[in-house]
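Single-structure report; data block below.
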Number of protein chains: 2
Amino acid sequence: MPAPSPSAARAGFPVSRQVLADHVYEALLEWLMDGRLEPGAAVSIDGMARELDVSPTPVREALARLEHTGMVRRVALKGYRVAPVFTREDFAELMEARLSIEPVNARLACSRMTPDGLDALKQAVEDLKTAPRGGTFAEYRSYLEADERFHQLIAAQANNQFLLAAYNTLGGQIQRFRLFGGVGITDAEQAIAEHQAVLDAMAGGDPEKAADMMTEHVEKVRGRAMADAPGD
Amino acid sequence: MPAPSPSAARAGFPVSRQVLADHVYEALLEWLMDGRLEPGAAVSIDGMARELDVSPTPVREALARLEHTGMVRRVALKGYRVAPVFTREDFAELMEARLSIEPVNARLACSRMTPDGLDALKQAVEDLKTAPRGGTFAEYRSYLEADERFHQLIAAQANNQFLLAAYNTLGGQIQRFRLFGGVGITDAEQAIAEHQAVLDAMAGGDPEKAADMMTEHVEKVRGRAMADAPGD
DNA sequence: GCGCCTGCGTTCCTATAGGATTTGTGCCAT
DNA sequence: ATGGCACAAATCCTATAGGAACGCAGGCGC
């Protein structure tokens, strides 16, 4: 159907070309990560195909991949739904998992840090500080993005493909919780200070301290969230 | 005609029915896990469809899910291949990741252990002891299966969906390494003793010791494997 | 001989069609 | 009024067809 551009043979196509299913995957992931698809909502294959103006086949493939991230769930012969909102137990489990992985990432990232990596981290913290944190979602969206980016960069700098994959799975869930956890951004000052503490330890080249600061950060995030949202 | 028996009206159909793509997924996973599909081998969509006597569509869906486990890799417009053999660095990274997750699993599993769970663990260790460890693959296949099962059970008993998901991703890679790491089973006696030590700590209800024993086990596995397979 | 290109088979990728299943609605019997 | 059945629409699931890209072999020019 997109006959006008049958091939990416134009100058400088990406090193690895993408197919339709990849674009669908990215579109769905973006919609999940920025709240356009709400927890519990049905994700119809045919419906998505109509909306994206593609056939159901690539949508099916993209959803099959997304299922493995835990962000959508499938019931045979019934279809896909966005994973439901976190319960209090889910959140506790997520934080427990973060506590077992992120401090390790921080320690490894610190000992293997590159100058570029450190710059990127500094930029993320800077973005956190300058990001608006107003009431509407569109406002503090960039704040959440910078938060997620900070942790993702550390996982990447740890230079371990398996830990990175494990974190990325968690990261999607964390971001979904940030969006739908019920609480807005009520702890920006403290969170920024904790991020800064991690960054300082990294810049100082102290792996153990970086790990400790990360542990402290995640524990405090857990404490604040559990206090803010006692319901459920 | 009062024929209200759609199809699954047989006695006790599974709570969640399966579709073709699920069967294809399981078949491929089994072939990957028992060595029938060797690292680097091409996994043709059409070819698999012919072999399994289904259309390419469910095969494509199954492979899309498998890609996210890291056991197969996809190159756009070129197809899927079984992930290549582990390099020495890959193995080191895998063990590093295990060391950050499995001791935590062991600690949590110990404090949350159920009697049934403990029985299953005991059975796994028993199976390890009695499994043949002869030279041919078919011989020590059950040994590898019991090994993987032991660790998987602990991850399940930890009662944390995220840690379980993280472990399962690692577990597939671990099993693939056990199969294709180049070394057969040269350390059964020591490995069994280490498993027994973990089990004893679990049975004794000492979470910290369980975690320590697990750490020790993984570290020793790493040490033995690095010594056995110095190449690469 | 070496490099390039041209043709062909294989494979991937997307769209489409049709069967199977679930869900929602309305009617009928109790 | 309530429960159950039948019918209809929407959706999922699988198969199939055809276009597009890749890999390879063979031939041509240098």
Side-chain angles (χ1 to χ4, degrees), chain A residues 1-28 37 40-68 72-83, chain B residues 1-10 12-28 37 40-68 71-83:
Chain A
M1 187 61 76
S5 67
S7 79
R10 268 280 162 268
F13 58 86
V15 284
S16 172
R17 274 180 292 181
Q18 289 192 336
V19 291
L20 257 188
D22 292 330
H23 288 131
V24 174
Y25 179 87
E26 287 175 8
L28 286 173
L37 286 173
V43 183
S44 156
I45 294 174
D46 291 347
M48 278 299 154
R50 282 191 297 270
E51 191 152 350
L52 295 170
D53 197 38
V54 297
S55 81
T57 310
V59 175
R60 172 175 297 277
E61 184 173 336
L63 282 171
R65 283 190 243 169
L66 275 175
E67 186 196 0
H68 211 280
V72 300
R73 294 185 181 175
R74 182 179 71 99
V75 178
L77 302 180
K78 284 193 56 181
Y80 291 88
R81 305 190 79 85
V82 182
Chain B
M1 175 63 77
S5 64
S7 66
R10 267 277 164 275
F13 59 85
V15 286
S16 173
R17 276 181 291 177
Q18 288 193 336
V19 291
L20 257 186
D22 292 330
H23 290 295
V24 174
Y25 179 87
E26 287 173 9
L28 286 173
L37 286 173
V43 183
S44 156
I45 294 175
D46 292 345
M48 278 299 155
R50 282 192 296 271
E51 191 151 351
L52 295 171
D53 198 37
V54 296
S55 81
T57 309
V59 175
R60 173 174 295 276
E61 185 173 337
L63 282 171
R65 285 189 242 167
L66 274 174
E67 185 195 2
H68 212 281
M71 298 211 271
V72 300
R73 294 186 181 173
R74 182 179 70 99
V75 178
L77 302 180
K78 284 193 55 181
Y80 291 87
R81 305 191 79 84
V82 181

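Side-chain atoms are counted along with the backbone in the values below, which use heavy atoms only and exclude waters and symmetry mates. Throughout, protein chains are lettered first and strands after them, A, B, ... in sequence-line order, and every chain is numbered starting at 1.
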| field | Rounded distance (Å) that lies between atom P of C:dC13 and atom CE of B:Met48 | value | 16 Å
| Whole angstrom value for the distance that separates P of C:dC13 from CD of A:Glu61 | 7 Å
| said: Measure CG/A:Asp22 against P/C:dC12 and give the value in whole Å, please. | reply: 15 Å
| Of B:Asp46 and B:Thr57, the one whose closest DNA chain C nucleotide lies more 5' | B:Asp46
| task | Kindly indicate whether the side chain of B:Thr57, heavy atoms from C-beta on, has any atom under 4.5 Å from the side chain of B:Glu61. | result | no
| request: Using atom CG of A:Leu77 as one end and atom C1' of C:dG19 as the other, report the distance to the nearest whole Å. | output: 13 Å
| If you round to the nearest 0.5 Å, how far is CG of A:Leu20 from CG of A:Leu52? | 9.5 Å
| Can any side-chain N or O of A:Arg73 pair as donor or acceptor with the backbone N or O of A:Arg81 at less than 3.5 Å? | no
| remark: From CZ of A:Arg65 across to P of C:dC13 the rounded distance in Å is 9 Å
| field | N/O (side chain, B:Lys78) to phosphate O (OP1/OP2, D:dG23) under 4.0 Å | value | yes
| task | Nearest whole angstrom, please: distance from the C1' of D:dA10 to the CD1 of A:Ile45. | result | 13 Å
| Considering residues at least two apart in sequence or located in another chain, which fulfil the side chain to side chain contact (heavy atoms under 4.5 Å, CB included) criterion with A:Arg74? | A:Glu67, A:Ala76, A:Tyr80, B:Val19, B:Asp22, B:Arg65
| Under 4.0 Å between a side-chain N or O of B:Arg50 and OP1 or OP2 of C:dT11? | yes
| query | OP1 or OP2 of D:dA15 sitting under 4.0 Å from any side-chain N/O of B:Ser55? | reply | yes
| note | Of C:dT21, D:dT14, C:dT11, the nucleotide closest to the side chain of A:Arg60 is D:dT14
| request: Return the minimal non-hydrogen interatomic distance between B:Ala62 and B:Ala21, and the atom names on each side. | output: CB-O, 3.8 Å
| query | Quick one: A:Gln18 CD to C:dT14 P, roughly how many Å, whole number? | reply | 11 Å
| Whole-Å gap separating P (D:dC13) and NE2 (B:His23) | 13 Å
| query | The side chain of B:Ser44 lies closest to which of these nucleotides: C:dC13, C:dA15, C:dT11? | reply | C:dT11
